[in-house]
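Structure first, commentary second.
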Number of protein chains: 2
Amino acid sequence: MKLCLIGYGNVGYGFIEVLRRHRPWLKERFGFAPKIVAIHDIRRGTILNPDGLDLKIIADAWRNNQNLCELGGSTNAPNALAVIKDSGADVVLELTPTDLRTGEPAAGHIRFALLSGKHVVTTNKGPVALFGKELLVLARKNGVQFRFEGTVMAGTPLFSLVDFTLAVPVQRVRGILNGTTNFILTQMEAGKGYEEALAEAQRLGYAETDPTADVEGFDALAKIVILANMVLDGDLRPSDVSCQGITKLAPPEVQRAPKEGFRWKLVAEARRTKDGVEAKVSPERLPLSDPLAQVGGVLNALTLELDPLGTITVVGPGAGPEVTGHAVLSDLLAIHRGLQ
Amino acid sequence: MKLCLIGYGNVGYGFIEVLRRHRPWLKERFGFAPKIVAIHDIRRGTILNPDGLDLKIIADAWRNNQNLCELGGSTNAPNALAVIKDSGADVVLELTPTDLRTGEPAAGHIRFALLSGKHVVTTNKGPVALFGKELLVLARKNGVQFRFEGTVMAGTPLFSLVDFTLAVPVQRVRGILNGTTNFILTQMEAGKGYEEALAEAQRLGYAETDPTADVEGFDALAKIVILANMVLDGDLRPSDVSCQGITKLAPPEVQRAPKEGFRWKLVAEARRTKDGVEAKVSPERLPLSDPLAQVGGVLNALTLELDPLGTITVVGPGAGPEVTGHAVLSDLLAIHRGLQ
C-alpha cells in the first residue's frame, strides 16, 4: 500500500511515529507494510519517492523543523493536487488543518483523490461535517473507501466500532466530544473561575490562543454532525444544529452541582426521530450516575443507544498526535484488510 | 447462511428475538438473511427443516415451554452431533449451559462442527477458557471461523473491537467482568450486609441459587483467561490464575471506602510480561478517578491498555438474553461479511 500525506503537522507526525513503532507487529500479524511515497505540506514543503520514504528521516525532519525539499527526492510537484496525481499512491491521507466553515482546502483534495480512484483517510472534521455523505457516495462510485475515524474521539474506535462490531442499528448517541471544555469544566468544579481554568488549559496546550471553536461548542458541533450523518444516516448541516458552549455557565453553579448529585458537562447529542435525525450541543446538568458524568479532564466519551440492547459507552483520549495517528493507522488497516 | 442451534435456553431465545426484530434492517443493510435450519436442546427436543424454521413459531414454543418435537419437522436425529451432521448448516451456534471445569459437552460439539467444516459461534465460556487456542487452530485448519464475542461482556463489543478496530497491540486488560458481584458490592456500599445484598441479587435474578461461581470469582476467572489467551496471546489455564472472590470483604470496609476516595471492585486483570502473560482476579480498592470505579450495579466494563496510546474503556451490559443474543448476531454478521 502506497500512501501520500497531504498535510504534515502533529497528526502526520504522530501517525508516522505509531507506524514506526508497530511496523514489525503490523507486518507479522496482518501482512501490512505500507510505504509513504509522498508528503506535501504547505509550510514544510514536498517530497516524493516512489520506492518509499525512510520513516526515520522524515520524522527527524519534522522534529527539526526542516523543510522536506532539503531531503532530496523529486519535488517538482507544485501543489497538493499535483502531488496526489504524481505520487502513484493508493491512499491519500488528508491531514491538513480543519476549516469548519468551508471544509477547504481539504474537501478539494479529498474529491480529487476519490475521483482519481484513490482511497482517502482523513482526520479533518471540516469536509466530513460539511460534505460527508457526498464524499461517501463519491468514494463508492469510484470503487474506493473514504474513512474518517480520527474526526471524532481521535484514535478511540467509534466509526469502526459501529461499522464492524454492531449488528443492530444505533438509535441515539450522546457524548463528551471536546476535551478542552471538559478540562475547563473539571477545573471550574474544583473551584477555579472560567478565565483561570481557560488560562490553565492554554498553559497545558489543551486550548488554543483563540479558544472560540472549543468554548463556544463549534468543535463539538462539527463532531455531532458527523455522527448524526455518518452513524445515524441523517442529513444535517452544522447550521441545522442548536449549539451552546460553556461561556455562559456560572462557575458557582458548576461548583455546587456535585454536592447535589449532579455534574455539568458539555453534551453533544444526536438521535433518530420520526422525521429524521436531530442533534444539539449544550451544557447539561447530568446525574452523577450517568456514565458521561464520570468522564473528567481531557477524556472524551460517547454513549451509543442501541435498539433494544441498552447502552454502551466508550471512554478514551479525544486528542493527541499519536492517538489521532492511531485512527489513521486503523483506517488504513481496515482498507488493507478489505473491511467495508 | 444456514444456522444450527445447539442449546435453546435464554441466549438462544434472545438471539432469535433480536434477529426477528432486525431482520429487515440486516437484509437491507448487509444483504444478511440467515435461516435457522435446526435446533437441538437436551430438554426442549429437536427440530430440523432444511428450508428454514419459522422464527415466530419457535420463539412462541420457547415462551410456552413447548417441546420442539411437537412442532413437526424431521426429528430423527438422536443427539447434538447427529443434528449438526444432518442439519446441512454452515454455522453451528453452541449455546448450551457452561461447564467451567470440563468445557463439555460444548467442547465436543465445537470440535465436531469445526472438523465438519462448519463455522462455530459460541457464548459458552467453558470451552473457550479451557481450549480456546486449540479450537482457533482447528478452525483455521478447516478453513472456517470460530467466534465467541458473547463469552465476555455479552453483546458489548470486545473481541470484535480488538479484531477489527485496533491497529496496535493490547498490552493489558482490566475489567469488571461479573455483574452479580458488582451489584452486590454496590449494594454493600449503600449499607447492606453481604447476605442481604446477595439475597437481593437472587431476588432480582442476577444471582443463582448457588452463587458460588459468581461470588468466588470463578466466572470472572474464566473470562480473564479467555481475554489473556485470545487477546493477549497468552497460554494460561484457569488453574494458573490466582483468584479471590468477594466473600471475604468486610462490609464496613466496603461502605467506608468512598468517604476516603476509593471504591471496592472485583477486578480481573491480564497483562503481557517479559515471560508471557499473567492474570489474576481479586477485589481491589480503586481510586474513584479510575473509570472502573464508576461502573455500578450489574454493568460490566473493560479497560484496554494500548501501547503507547493510553487506555480506552468500554462500558456496557454484561448479561441478558437479548444482549448476549446480539453477540451471536454480531459474530454471524462478521462471518457473513468475511471479516477475519
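Letters go in sequence order (proteins before strands), and every chain restarts at 1.
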Answer yes or no: are there more than 12 heavy-atom neighbours, outside [X] itself, under 6.0 Å from its atom [atom1]?
X	atom1	result
B/K192	NZ	yes
A/E260	CD	yes
A/K133	NZ	yes

Looking only at non-hydrogen atoms, find the nearest pair between [X] and [Y] and report the distance.
X	Y	answer
A/D163	B/R337	O-NH1, 2.6 Å
B/S160	A/F164	CB-O, 4.4 Å
A/L333	B/L166	CD2-O, 3.8 Å

Close side-chain approach of A/V18 to B/V168, heavy-atom, < 4.5 Å: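 Heavy-atom side-chain distance check passes, below 4.5 Å.
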
Residues A/T165, B/T165; criterion side chain to side chain contact (heavy atoms under 4.5 Å, CB included); working and verdict: CA-CA 9 Å; A/T165 78; B/T165 80; 4.0 Å; yes

[X] versus chain B, heavy atoms under 4.5 Å apart: side chain, backbone, both or neither?
X	value
A/L339	both
A/P291	neither
A/Q340	backbone

Chain A interface, residue from B/T311, B/I312, B/V295, B/L329 that has the most non-hydrogen pairs under 4.5 Å: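 Answer, by heavy-atom pair count under 4.5 Å with chain A: B/I312.
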
Winner by heavy-atom pair count (cut-off under 4.5 Å) against chain A, out of B/L158, B/L19, B/D307: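 With the most close heavy-atom pairs to chain A, the winner is B/D307.
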
Heavy-atom pairs under 4.5 Å with chain B, option from A/R29, A/E17, A/Q294 with the top count: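 So the answer, after comparing A/R29, A/E17, A/Q294, is A/Q294.
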
Among the listed options A/S289, A/G310, A/P169, the residue most often paired with chain B at heavy-atom distances under 4.5 Å: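 Top option by heavy-atom pairs under 4.5 Å: A/P169.
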
Stepwise side chain to side chain contact (heavy atoms under 4.5 Å, CB included) check, A/T313 with B/V314: CA-CA 6 Å; A/T313 301; B/V314 187; over 6 Å; no

Check: A/A167 main-chain N/O paired with B/H22 side-chain donor or acceptor under 3.5 Å: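 Pair absent, no side-chain N/O of B/H22 close to backbone of A/A167.
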
